[in-house]
K.L.:
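The following block contains the structure, expressed as structure tokens.
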Amino acid sequence: MPINEGSSKIPVHIGIIMDGNRRWAKKKGLPAIAGHSAGMTALENVIDSANDFGVKYLSLYAFSTENWKRTPLEVEGLMGLFRLYLKDKVERLHARGARIRFVGKMDAFGRDIREGVRAAEEKTRGNGAINVIVCVNYGGRQEIVDAVNRLLAEGEEPPLTEDAVRSKLYAPDIPDPDLIIRTGGEFRTSNFWLWEGAYSEYYFTDAYWPEFGGKELELAISSFSERERRYGAS
Ligand code: FPP
């Protein structure tokens, strides 16, 4: 039975750690950036599929705080793709009624990128289809440290509460991810949604990110729909 018929357990929020771009490229004898470029194409298809399945929030780990340690050539290539995304892909998302947001420390990016981010968020703000959250220069530990520092700067007295910290995360209005998918065959969180993912279900696949599509997304949602979530209770 297709998952969107009869099963109501569609995750509200799916997060994806898009891993394996470079290994995919290497397998094909291509440079790393060709893998990231293919990853960007995969991203478009997966957003469409998630929207069709009725997923309300899709968050994507596109660039971590640690990714600056890659070679200057690769970092520059990724920045080029980011610019291309803002220039060419946002319009397509807008036409589909998607709302796009960027989460992470934007001050590390050049002015053109920051301006493109602001324009994309502004343009799609009123859209009611899927919410696409692109995490760039994002790190879960940094997010928590930033939240605590904001509370301290505002004169909050200890003991700080969970609710107080949560209220200062980068996007406190977005529901916690129900399901986090990691492609590329590794079994780790890599600093993605550390706070928000406390009770997320995980799904791991060997598929490299450029190979991941609607069929794989359906398998991940199917696996999720069979799980019983207890949030620490009996
Ligand atoms: C991880 O694969 C992927 C990344 C670090 C970049 C992800 C970027 C995209 C999917 C496209 C860019 C999109 C935007 C919006 C900027 P990896 O390079 O770690 O692959 P590996 O594990 O095979 O080395």
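Atoms within a ligand are numbered from 1 in the order they appear, just like the ligands themselves.
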K.L.:
Return yes if some donor-acceptor pair links the side-chain N/O of Ser37 with the main-chain N/O of Ala34 below 3.5 Å, else return no.
P.N.:
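Side chain of Ser37 to backbone of Ala34: no pair is present.
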
K.L.:
In terms of hydrophobic clustering (I, L, V, M, F, W, Y; side-chain heavy atoms under 4.5 Å; direct or indirect links), are Val46 and Ile100 co-clustered?
P.N.:
yes

K.L.:
Identify which of Leu60, Asn21, Leu43 has a heavy atom lying nearest to atom 10 (C) of ligand 1.
P.N.:
Asn21

K.L.:
Of Phe102, Phe212, Phe82, which has the heavy atom at the shortest distance from atom 16 (C) of ligand 1?
P.N.:
Phe82

K.L.:
For residues Gly97 and Asn127, report the shortest heavy-atom separation together with the two atoms involved.
P.N.:
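Scanning both residues, the minimum pair turns out to be O-CB, 3.0 Å.
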
K.L.:
Mind checking whether Lys89 contacts ligand 1 via backbone (N, CA, C, O), side chain (CB onward), both or neither, at a 4.0 Å heavy-atom cut-off?
P.N.:
neither

K.L.:
Does the side chain of Met40 come within less than 4.5 Å of Leu84's, by heavy atoms?
P.N.:
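In contact.
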
K.L.:
Charged N to carboxylate O under 4.0 angstrom, Glu156 versus Arg150?
P.N.:
no

K.L.:
With respect to Arg22, determine whether any N or O atom, backbone or side chain, lies less than 3.5 Å from an N or O atom of ligand 1.
P.N.:
yes

K.L.:
Can you find a non-hydrogen atom of Glu186 under 4.0 Å from ligand 1?
P.N.:
no

K.L.:
Assert yes or no for the condition that the ring centre distance of Phe102 to Phe82 is strictly below 6.0 Å.
P.N.:
yes

K.L.:
Just jot down the ligand 1 atoms closer than 4.0 angstrom to any heavy atom of Arg70, in number order.
P.N.:
5 (C), 17 (P), 18 (O), 19 (O)

K.L.:
Hey, is ligand 1 close enough to Arg23 that some N/O pair sits below 3.5 Å?
P.N.:
yes

K.L.:
Measure across Val132 and Ala98 and return the closest heavy-atom pair with its distance rounded to 0.1 Å.
P.N.:
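Heavy-atom minimum between the residues: CG2-CB, 4.4 Å.
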
K.L.:
Report whether Leu179 and Ile16 are members of the same hydrophobic cluster (ILVMFWY, side-chain heavy atoms less than 4.5 Å apart, transitive linking).
P.N.:
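They do share one cluster, since a chain of ILVMFWY contacts under 4.5 Å joins Leu179 to Ile16.
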
K.L.:
State the atoms of ligand 1, each with its element, that fall below the 4.0 Å cut-off from a heavy-atom position in Met18.
P.N.:
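Close to Met18: 1 (C), 2 (O), 3 (C), 10 (C).
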
K.L.:
Under 4.0 Å from any heavy atom of Ala62, which atoms of ligand 1 are there?
P.N.:
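Going through ligand 1 atom by atom, the ones under 4.0 Å from Ala62 are 6 (C), 7 (C), 8 (C).
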
K.L.:
Tell me the protein heavy atom at minimum distance from atom 13 (C) of ligand 1, and give that distance in Å.
P.N.:
Met40 SD, 4.2 Å

K.L.:
For atom 15 (C) of ligand 1, what's the nearest protein heavy atom and its distance?
P.N.:
Tyr85 CG, 3.8 Å

K.L.:
Regarding ligand 1, does Tyr61 bring an N or O atom to under 3.5 Å of one of the ligand's N or O atoms?
P.N.:
no

K.L.:
Assess whether a salt bridge exists between Arg92 and Asp48, defined as any Lys/Arg side-chain N lying under 4.0 Å from an Asp/Glu carboxylate O.
P.N.:
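Counted as a salt bridge, because a side-chain N and a carboxylate O are separated by less than 4.0 Å.
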
K.L.:
Give the residue and atom name of whichever protein heavy atom lies nearest to atom 4 (C) of ligand 1, and the separation in Å to one decimal.
P.N.:
His36 CE1, 3.8 Å

K.L.:
Around atom 22 (O) of ligand 1, find the nearest protein heavy atom and jot down its residue, atom name and distance.
P.N.:
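Atom 22 (O) of ligand 1 sits closest to the protein heavy atom Asp19 OD1, 2.8 Å.
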
K.L.:
Is there a heavy atom in Gly184 that sits closer than 4.0 Å to ligand 1?
P.N.:
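The answer is no: ligand 1 sits nowhere under 4.0 Å from a heavy atom of Gly184.
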
K.L.:
If you apply the rule salt bridge (Lys or Arg N to Asp or Glu O under 4.0 Å), what do you find for Glu226 with Lys9, and how did you get there?
P.N.:
CA-CA 8 Å; Glu226 284 158 16; Lys9 283 172 111 181; over 6 Å; no

K.L.:
Using heavy atoms and a threshold below 4.0 Å, how should the contact between Asn67 and ligand 1 be classified: side chain, backbone, both, or neither?
P.N.:
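Under 4.0 Å from ligand 1, Asn67 contributes side-chain atoms alone.
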
